[in-house]
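Side chains are part of it too, since the values below use all heavy atoms of this structure and drop only hydrogens, waters and symmetry mates. Residue numbering restarts at 1 for every chain, and letters A, B, ... go by the order of the sequence lines.
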There are 2 protein chains.
Amino acid sequence: MATAAKNIQILKEVLQKEGLRFTRQRLAVWTEIGISRKHRDADDIFISIRSKGVKVSRATVYRTIDVLVKNKLVRKLDVGDGKNRFESKIDEEHHDHMICLETGNIIEFYNSRLEQLQEKIALDNGYELVRHVHQLFVRPIKK
Amino acid sequence: MATAAKNIQILKEVLQKEGLRFTRQRLAVWTEIGISRKHRDADDIFISIRSKGVKVSRATVYRTIDVLVKNKLVRKLDVGDGKNRFESKIDEEHHDHMICLETGNIIEFYNSRLEQLQEKIALDNGYELVRHVHQLFVRPIKK
DNA sequence: ATTCTTAATGAGATTGAGTCTCATCGTAAT
DNA sequence: ATTACGATGAGACTCAATCTCATTAAGAAT
């Protein structure tokens, strides 16, 4: 389970590996993404950190997120509205997303057969699957 | 098979349905997308139309594409580089895309089992699948 | 064909997410 | 504590996409 101490440790290891320094701002960004509800956009994260009294800039938020995404601590999610969303990958099973066109709700799903098929399709074409983007845009079934 | 005459007819029907006028610009945009190679971005389409001597603006290109997408004549494709691509859906089987991370190549694929699975996943969650976004980011297998 | 109403267009301003610059700050090694 | 140099922040900048509004042109009516 993710404790604050464990999350700090994870961040420190990543920063060390990348030859980067451990700073208040980087910790704040990682904490914000790791602790809070999912699917938040960059500005949301920026505002939230500031509201907690930590001085940070948008530039630093974006720069830090890039590092976290590169090191697979965070996942970047494009829901098609021009703003990327971010979610922690720590203690999370892999999943994709269903976006409700009526409410904007984001529902997570996972299907192993689907994942296998994706690997197979890439392989059949002479490629190795690196990552995928998979969103289902849905509408509630009317009774 | 798609002939120029047939494509004009399709466009006219859509415009009529939408209560919109048939204009040189709208025809030029539809022709450009319908005739040319796939996966073109808006600016590409804009430049190409201009180079053929048809006076058009970026605003009109975007406005027309919106109408075409809304009426399922054109598909909008987000390949993750910040620029949407467009392709004609006329005389095209449905397919998804594999994007090569090394060359930027876009490969089309279709798998009926995959399509069925998506329908089922939405249904199992109480939703109706409206559309989906599905891209595989891949790397050539090294020999 | 000419007139007339109103939608469509174009040039350029604007938006907004994300990136970049560079003077200043702060980490952490010594 | 000093020092070297990486990190940060304010705000300029980028670029795809959208909006504004004066002008243009469909296409219906005559």
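With hydrogens and angles ignored, the 3.5 Å screen pairs a side-chain donor or acceptor of A/Asp78 with a backbone N or O of A/Gly80. Formation of a donor-acceptor pair under 3.5 Å by the B/Glu128 side chain with backbone atoms of B/Leu123 is not found in this model.
The residues A/Arg131 and A/Asp96 are annotated as not salt-bridged, no charged nitrogen and carboxylate oxygen being separated by less than 4.0 angstrom. A salt bridge links B/Glu32 with B/Arg40: the closest approach of a Lys/Arg side-chain nitrogen to an acidic carboxylate oxygen falls below 4.0 angstrom.
For the side chain to side chain contact (heavy atoms under 4.5 Å, CB included) test with A/Val29, the passing option among A/Thr64, A/Val74, A/Val54, A/Leu11 is A/Thr64; the others fail.
Residues forming a side-chain contact (heavy atoms from CB on, under 4.5 Å) with B/Arg21 (at least two apart in sequence, or on another chain): B/Thr23, B/Arg26. For the side-chain hydrogen bond (donor to acceptor under 3.5 Å, both in side chains) test, residues two or more places apart in sequence or in another chain that qualify with B/Glu92 are B/Lys38. The side-chain contact (heavy atoms from CB on, under 4.5 Å) search around A/Lys120 returns A/Asp124, not counting sequence neighbours.
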**Complete:** Nucleotide by nucleotide, nucleotides 6-17 of chain D touches protein heavy atoms under 4.0 Å in the pattern (B base, S sugar-phosphate only, - none) BSBBB-----SB
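Scanning DNA chain C 5' to 3' for nucleotides with an atom closer than 4.0 angstrom to a non-hydrogen atom of chain B gives a first and last hit of C/dT6 to C/dA11.
B/His94 and B/His132 have their aromatic ring centers within a separation under 6.0 angstrom. Ring centers of A/His134 and A/His97: at least 6.0 Å apart, outside the cut-off.
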Got a list of protein N/O to nucleotides 28-30 of chain D N/O distances below 3.5 Å?
none

